[in-house]
Structures are given as structure tokens and as C-alpha cells.
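A quick write-up on the structure given underneath.
Start at 1 and go down the list; that is how both ligands and their atoms are numbered.
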Amino acid sequence: MSSLSSRLEAIRAKMGDEQVDGFLVTSMTNWRYVSGFTGDAGCLLVTHDKAFLLTDSRYVEQAEKQCPGFSVKKTTHDEDVLKDVVRKEGVKRLAFEKRHTSYEEWEKLRDRLSDVELKGITGWVENLRMVKTPEEIELIARAQEIADDAFALLFQSIRKGAREEDLALELEFTMRKMGAESVSFPIIVVSGERSSLPHGTPTGKTLADGDFVTFDFGATYQGYHSDETRTFVIGHLDKKHEEVYGIVLEAQEAALRAVKPGVLARDVDLAGRKVIEDAGYGEYFGHGIGHGVGLEIHEGPSVSVKSETVLEPGMVITIEPGIYIPGFGGVRVEELVVVTDDGMRVLTQSPKELTVIKA
Ligand code: GLY
Ligand code: MN
Ligand code: MN
């Protein structure tokens with residue numbers, strides 16, 4: 001059975017549990033996962049025995065090629081194709097993705113399908129997406145490899161006087177040249193005091209003696225993302241750099257050791273967070289320690305103090321503790337790992353010991 005047909009099967013099992021006879025998929029990422037369609041306009045309608053892909057004239061030919069198991073219906077301005085299909089297939093109870101339906105869209109749906117009972121559901125496809133197939137893991141590993149290789153090349157440009165923006169641009173260009181479809185998200189390069197901004201954007205600031213410089217970046221490959229962070233010191237290393245970097249690395253190692261099947265994602269966060277708190281820097285680490293990565297840069301499972309998800313083999317998550325001290329700077333080190341039958345495998349290849357780049 002192909003992974004696409006097993007995805008449809010899993011969705012139909014959910015439809016059975018919830019006693020609905022149709023499921024409307026309105027998230028682009030979710031419809032890609034379920035059907036293979038990479039266009040950015042349309043929706044899927046899944047019934048117990050059929051699957052439809054509704055899209056406009058720009059994408060009909062593409063959809064027919066990409067989604068052989070789906071009946072492609074062309075939408076137009078003057079016809080209500082969804083309503084017609086819903087009627088023809090006898091759908092009386094229709095599940096829809098409430099996280100991916102605006103209030104306005106829901107109002108329109110309610111008016112158009114006035115004789116259909118609408119049932120808002122959450123997470124049917126996202127929960128399937130959390131556990132990756134070996135093929136998906138290969139694509140994520142390839143995206144990560146491109147990012148690591150590009151970063152190794154960029155390394156020679158990281159020196160005192162280099163501009164944050166130029167480094168970001170060069171890294172993006174190099175990843176694209178090496179086969180990335182795009183960046184996973186706008187690249188973060190922050191240096192000096194600006195490195196305390198966990199998601200700061202690169203500026204014209206130049207790297208200076210005594211700066212921390214943090215790079216957070218990733219590539220996409222066939223729709224799948226990678227995610228990695230490295231922090232270096234430029235020129236002069238002082239005791240505080242060493243202390244803060246050492247604590248972040250120790251926190252990361254503690255969290256990595258906790259990653260295995262059967263463990264609550266929350267406990268992975270706590271294992272890393274404890275190291276930072278015990279060292280007296282707890283107030284400088286405000287975000288969760290990680291997140292799932294796949295067709296989206298941030299997806300399930302969340303690896304944070306509140307996450308109730310139990311880790312399973314095939315989940316791909318980041319482990320990315322950080323300490324961010326306003327007025328001083330910050331450090332984050334982020335690895336991408338896959339949960340395996342007996343623990344985890346790190347996909348990130350770049351070295352992560354404290355590196356001082358001679359000014
Ligand atoms: N830059 C996004 C992240 O690391 O989560
Ligand atoms: Mn990142
Ligand atoms: Mn991340």
C-alpha cells in the first residue's frame with residue numbers, strides 16, 4: 001500500500017469514529033500530505049469511498065498529474081462545485097478543519113451547505129504527520145545535509161567585519177546552489193548584543209571582537225524542512241561566553257539523552273531546562289526546547305513544558321535550548337533528531353563545540 005493510500009485509510013477511520021461521511025481538507029500542507037498536490041489553491045473532499053480535489057483552472061492539469069487517486073474537479077466563479085459534489089455524494093455530516101478555516105470561511109460554508117451538518121475537527125492530518133515514514137525521514141535528512149554542507153562553506157566568510165545580512169544572503173545562495181528548493185524560514189544571523197534576540201533578523205551590523213554570533217537556518221527539499229542553529233564567538237573569548245555556552249551545550253546533551261520512544265515530550269524539555277535552571281539562568285530561557293519538523297518548519301510534536309505527546313519512532317524533532325541575556329547576548333544550539341526504536345539519531349552534522357573565530 002502506498003503511503004498516500006494508508007493516509008486516506010487512516011482519515012477514513014477517523015471519519016468512522018466521528019460518524020461523518022465527508023472530510024474537507026483546507027490546509028495546504030495537509031492536502032499535500034494526503035494527496036501529493038503542491039498547488040496553493042483548492043481543497044480536498046474525502047468520502048468513505050471516493051476522494052475529490054477541487055481547484056481552479058491554473059492547477060487542474062498539475063493536480064491530475066500529481067494526484068492519480070483523486071477525482072479532480074475544476075472550480076469556477078459561477079458554479080458551487082463543492083456544493084454539487086457534496087450533494088451528489090450524499091454527504092450529510094461533513095468534518096472540516098477548524099484550525100484552518102477562518103470565521104468568514106466557516107460562515108460561507110454554513111450558508112452554502114445549509115442542509116449539511118458541519119463538524120469542526122482538529123489535528124486529524126497533523127497527528128498522522130507527526131510520525132514520519134522512512135521516505136520522509138530521508139527527505140528531511142537530505143534537506144539537513146544540504147544545510148550542513150552550505151554552512152561548512154559559509155564558515156570561511158564568518159569573520160570580524162562581515163555583515164549579518166551578507167552572511168545570511170551567502171548562506172541562502174549556497175543552500176539554493178546545493179539543491180535546496182528554498183530556505184526553511186528567513187535565516188537568522190544575530191551578533192553581539194543582538195544575539196539575545198532569539199528570532200532576530202539580520203541587519204547591516206558587522207561582526208566585532210568579543211561578539212557571540214548565532215546562525216539559525218534550514219533548507220527545504222521536496223517540501224521537507226531542516227532546522228539548525230550554531231553560535232560562535234568572534235575574536236576575544238571571555239569567561240562569561242564560555243560559561244553560558246557550556247551550560248547551553250550541557251542542557252542540549254541532557255535533553256538529547258532523554259529522547260527515546262515512550263517518553264513524554266515534556267520530560268525531554270524538562271531534562272534540558274533543569275540544567276539551565278540549576279545554573280541560575282532559568283529566566284533567560286523562555287521558549288520550549290524543541291518542535292517537530294516536516295512539511296512545515298514548526299509542526300507536532302511540540303517539545304515544551306506542556307507537551308503531553310509520547311515520543312514514537314519516526315518523529316523528527318529539534319532540541320534547541322538557549323540562554324538570551326539582554327545587553328550581553330545569547331547562545332542557542334539546535335540539532336535535528338529522529339526518534340528511533342531504541343533512542344534517537346542526530347541528523348545535524350555541523351560541529352557544535354565552542355568555536356572561537358580568530359578576528
Ligand atoms: N528558527 C525557528 C526555530 O528554530 O524554531
Ligand atoms: Mn532553528
Ligand atoms: Mn527550531
Side-chain angles (χ1 to χ4, degrees), residues 29 126 129-130 132 137 140-141 143-152 154 158 164-165 167-169 171-172 174-175 180 182-191 194-203 212-221 224-232 245 248-249 251-253 255-256 258-259 265-266 268-269 272-273 276 284-307 309 311 315-324 330-339 344 346-352:
T29 314
E126 287 86 342
R129 281 171 41 200
M130 280 203 287
K132 273 72 183 175
I137 292 168
I140 295 169
Q144 183 59 54
E145 185 179 42
I146 292 169
D148 276 318
D149 287 351
F151 195 54
L154 180 79
I158 307 172
E164 293 172 353
E165 281 171 338
L167 292 168
L169 187 61
L171 181 55
E172 176 164 352
T174 310
M175 287 196 290
S182 67
V183 286
S184 285
F185 52 86
I187 293 173
I188 296 168
V189 183
V190 283
S191 62
R194 303 191 70 254
S195 59
S196 68
L197 301 168
H199 277 188
T201 48
T203 64
F212 268 137
V213 56
T214 294
F215 295 81
D216 187 348
F217 59 99
T220 68
Y221 185 73
Y224 284 84
H225 295 65
S226 71
D227 195 6
E228 164 174 7
T229 306
R230 289 292 184 264
T231 302
F232 304 111
Y245 195 95
V248 170
L249 208 55
Q252 196 196 44
E253 291 298 337
L256 288 170
V259 176
R266 185 179 65 205
V268 172
D269 179 292
R273 192 168 301 277
I276 294 177
Y284 301 114
F285 175 35
H287 58 77
I289 213 163
H291 55 87
V293 174
L295 284 172
E296 287 177 299
I297 182 63
H298 293 130
E299 58 180 48
S302 155
V303 189
S304 66
V305 284
K306 288 194 177 155
S307 178
T309 309
L311 295 185
M315 288 180 169
V316 175
I317 58 173
T318 66
I319 299 294
E320 50 178 308
I323 293 178
Y324 314 96
V331 173
R332 179 170 60 258
V333 181
E334 176 177 29
E335 305 268 76
L336 192 60
V337 308
V338 52
V339 182
M344 58 92 201
V346 177
L347 299 176
T348 317
Q349 296 299 323
S350 304
K352 63 177 180 180

Practice task
Please confirm if an N, O or S atom belonging to His291, backbone or side chain, lies less than 2.8 Å from the Mn ion (ligand 3).
Solution key: yes
Exercise for the section: Would you mind telling me which of Glu172, Glu334, Glu228 makes a side chain to side chain contact (heavy atoms under 4.5 Å, CB included) with Phe217? Expected result: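 That would be Glu228; it is the only one of Glu172, Glu334, Glu228 passing the side chain to side chain contact (heavy atoms under 4.5 Å, CB included) with Phe217.
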Exercise for the section: Scan Ile317, Thr348, Ile319 and name whichever one has a side chain to side chain contact (heavy atoms under 4.5 Å, CB included) with Leu336. Expected result: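 Of the listed residues Ile317, Thr348, Ile319, the side chain to side chain contact (heavy atoms under 4.5 Å, CB included) partner of Leu336 is Thr348.
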Practice task
Could you tell me whether a side-chain N or O of Arg332 sits under 3.5 Å from a main-chain N or O of Pro198, the two making a donor and an acceptor?
Solution key: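 Here the side-chain-to-backbone pair exists.
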Practice task
Quickly, which of His291, Gln252, His287 forms a side-chain hydrogen bond (donor to acceptor under 3.5 Å, both in side chains) with Glu320? Name it, please.
Solution key: His291
Measure and list all N/O to N/O distances between ligand 1 and the protein that fall under 3.5 angstrom.
from     : atom 1 : to     : atom 2 : distance (Å)
ligand 1 : 1 (N)  : Asp216 : OD2    : 2.9
ligand 1 : 4 (O)  : Asp216 : OD2    : 3.1
ligand 1 : 4 (O)  : Asp227 : OD1    : 3.4
ligand 1 : 4 (O)  : Asp227 : OD2    : 3.2
ligand 1 : 4 (O)  : Glu320 : OE1    : 3.1
ligand 1 : 4 (O)  : Glu334 : OE1    : 3.2
ligand 1 : 4 (O)  : Glu334 : OE2    : 3.2
ligand 1 : 5 (O)  : His291 : NE2    : 3.0
ligand 1 : 5 (O)  : His298 : NE2    : 2.7
ligand 1 : 5 (O)  : Glu320 : OE2    : 3.4

Practice task
List for me each residue that meets salt bridge (charged side-chain N to carboxylate O under 4.0 Å, His left out) alongside Glu164, sequence neighbours excluded, and say none if there are none.
Solution key: Arg194
Completion exercise
Rounding to 0.5 Å, atoms CG (Leu256) and CD1 (Ile289) come to a distance of 8.5 Å
Completion exercise
Rounding to 0.5 Å, atoms OG (Ser226) and CD1 (Ile297) come to a distance of 7.0 Å
Fill in the blank from the handout: Sorted by chain and residue number, the side-chain hydrogen bond (donor to acceptor under 3.5 Å, both in side chains) partners of Asp148 (sequence neighbours excluded) come out as Gln144, Ser350
Exercise for the section: Enumerate the protein N/O/S atoms at a distance below 2.8 Å from the Mn ion (ligand 2), ignoring waters. Expected result: Asp216 OD1, Asp216 OD2, Asp227 OD1, Glu334 OE1
Handout entry: Geometric class of the Phe232/Phe151 ring pair [parallel <30°, tilted 30-60°, perpendicular >60°]
Key = parallel
Practice task
Establish, yes or no, whether the cationic atom of Arg273 lies under 6.0 Å from the six-membered ring centre of Phe285 and within 45° of the ring axis.
Solution key: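 The answer is yes; both the distance and angle limits are met.
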